[in-house]
Amino acid sequence: MKQILHLKELYGSQIRTRQLMEQLAQTLNKNNQYLLDMEGVDILSRSAADELCTIKQSGNIEIVNASSFVQKMLDTVTISRFLPRQRQGNGDTQIIECKTIESALAALQ
């Protein structure tokens, strides 16, 4: 039998930090099955979604009742994990090595 966890009751309607999902992961037993009920969660930040996807990879978690926004964020994070990073620009960006904060500040002027 799957244990149901209502994320809105645990973390509120706006889950904005990775740390909240890390706290969730620490409470889960890898031998149990869970349903993470996202009903009422309106906002899930990208970092929280990323951590939730990591937790979900354990295989014993199913996410249900996600709003369209939350589901879109989860889908975006999942897809981006498999795509190579693409840099914008013309490729002639100069890399400046700064060994101190003073040299970094000087490079920005």
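Along the sequence shown, residues are numbered consecutively beginning with 1.
Residues Asn60 and Ser58 approach most closely at OD1-OG, 2.5 Å, considering heavy atoms.
Scored by the side chain to side chain donor-acceptor pair (under 3.5 Å) test, Ser68 finds no partners at all (sequence neighbours excluded). By the side chain to side chain contact (heavy atoms under 4.5 Å, CB included) test, Asn29 is found to be paired with Asn31, Asn32, Tyr34, residues two or more places apart in sequence or in another chain being considered. Taking the side chain to side chain contact (heavy atoms under 4.5 Å, CB included) definition, one finds that Ile96 meets it with Gln94, Cys98, Ala107, sequence neighbours left out. Every residue two or more places apart in sequence or in another chain was checked for a side chain to side chain donor-acceptor pair (under 3.5 Å) with Gln57, and none qualifies. The salt bridge (charged side-chain N to carboxylate O under 4.0 Å, His left out) check on Glu97 picks up Lys99, with sequence neighbours excluded. For Lys30, there are no side chain to side chain donor-acceptor pair (under 3.5 Å) partners two or more places apart in sequence or in a different chain. Not a single side chain to side chain donor-acceptor pair (under 3.5 Å) links Ser13 to another residue, sequence neighbours left out.
For the atom pair Arg16 CZ and Met21 CE, the distance stands at 13.0 Å (nearest 0.5 Å). How far NE2 of His6 is from CG of Leu36: 10.5 Å, rounded to the nearest 0.5 Å. Note that OG1 of Thr17 and OH of Tyr11 are 9.5 Å apart. Values are rounded to the nearest 0.5 Å. Put simply, CG on Asp42 and CE on Met38 are 10.0 Å apart, with the number rounded to the nearest 0.5 Å. To the nearest 0.5 Å, the span separating CD on Glu22 from CD1 on Ile55 amounts to 8.0 Å.
Connectivity analysis of hydrophobic side chains (ILVMFWY, heavy atoms under 4.5 Å, direct or indirect) links Leu105 to Ile101. Residue Leu35 shares its hydrophobic cluster (ILVMFWY side chains chained together at separations under 4.5 Å) with Ile4, Val64.
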Contacts table for residues 69-82: side-chain donor-acceptor under 3.5 angstrom, sequence neighbours left out:
residue	atom	partner	partner atom	Å
Gln71	NE2	Asp75	OD1	2.9
Thr76	OG1	Lys72	O	2.8
Thr78	OG1	Leu74	O	2.8
Ser80	OG	Arg46	NH2	3.1
Ser80	OG	Thr76	O	3.2
Ser80	OG	Val77	O	2.9
Arg81	NE	Asp50	OD1	3.3
Arg81	NH2	Asp50	O	2.7
Arg81	NH2	Asp50	OD1	2.9
Arg81	NH2	Thr54	OG1	2.7

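Note on residues 58-71: pairs passing salt bridge (charged side-chain N to carboxylate O under 4.0 Å, His left out), not counting sequence neighbours, are Lys2-Glu62.
Side-chain atoms of Leu28 and Leu5, non-hydrogen and from C-beta on, do get closer than 4.5 Å to each other. Using a 4.5 Å heavy-atom threshold, the side chains of Ile63 and Leu52 count as touching.
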